> 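Before I ask anything, here is the structure I am working with.
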Amino acid sequence: NEANSRAHIHLLRLNGRDGAAIIDEVGTNFHFDPERPTRVAWTRTSSSEMEVTIGDKSPIKVVDCCFRYPFNGFLLRDMAL
């Protein structure tokens, strides 16, 4: 089933008071290969533009103006393992 084989990438904003909010979510055919290193980059500009790049593809490009302070971390979690 093609729908079940698609990976879902979520960009979440987490904080201690309010829990989590989904900033963006995309479905993609990308899957991490445990035998090969994969470069993942997350950038956020001072104008709240964010981009997630995996290898040479950018599945997420979004603006999130709901959080006015700098982010202090990044977590990548592969739910398939």
Side-chain angles (χ1 to χ4, degrees):
N1 184 342
E2 184 179 330
N4 291 336
S5 68
R6 289 181 63 81
H8 292 273
I9 299 172
H10 299 89
L11 182 61
L12 304 172
R13 181 183 346 100
L14 304 174
N15 65 46
R17 293 186 314 264
D18 301 325
I22 296 174
I23 297 171
D24 200 9
E25 173 185 357
V26 297
T28 178
N29 290 327
F30 175 83
H31 293 279
F32 285 103
D33 180 349
E35 301 298 320
R36 294 180 46 204
T38 302
R39 183 175 184 272
V40 177
W42 168 66
T43 57
R44 181 175 185 262
T45 67
S46 59
S47 58
S48 301
E49 298 169 2
M50 289 185 276
E51 181 174 4
V52 175
T53 305
I54 302 172
D56 61 350
K57 303 213 182 317
S58 296
I60 294 180
K61 291 181 183 180
V62 66
V63 175
D64 177 33
C65 297
C66 296
F67 198 76
R68 64 179 173 240
Y69 301 108
F71 282 51
N72 64 0
F74 176 82
L75 169 70
L76 175 66
R77 185 175 188 187
D78 187 348
M79 301 296 287
L81 299 177

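Since this is a predicted model, take the numbers as computed values, not measurements.
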> Please name the pair of heavy atoms, one in P59 and one in V26, separated by the smallest distance, quoted to 0.1 Å.
O-CG1, 3.4 Å
> R44 and S48: which non-hydrogen atoms are nearest, and at how many Å?
NH2-OG, 3.5 Å
> With sequence neighbours left out, what residues match E51 under side-chain contact (heavy atoms from CB on, under 4.5 Å)?
T43, T53, S58, K61
> For the CD atom of E49 and the CG atom of D64, what is their distance to the nearest 0.5 Å?
12.0 Å
> Could I get the full list of side-chain contact (heavy atoms from CB on, under 4.5 Å) partners for V62, not counting sequence neighbours?
L11, I23, D24, M50, I60
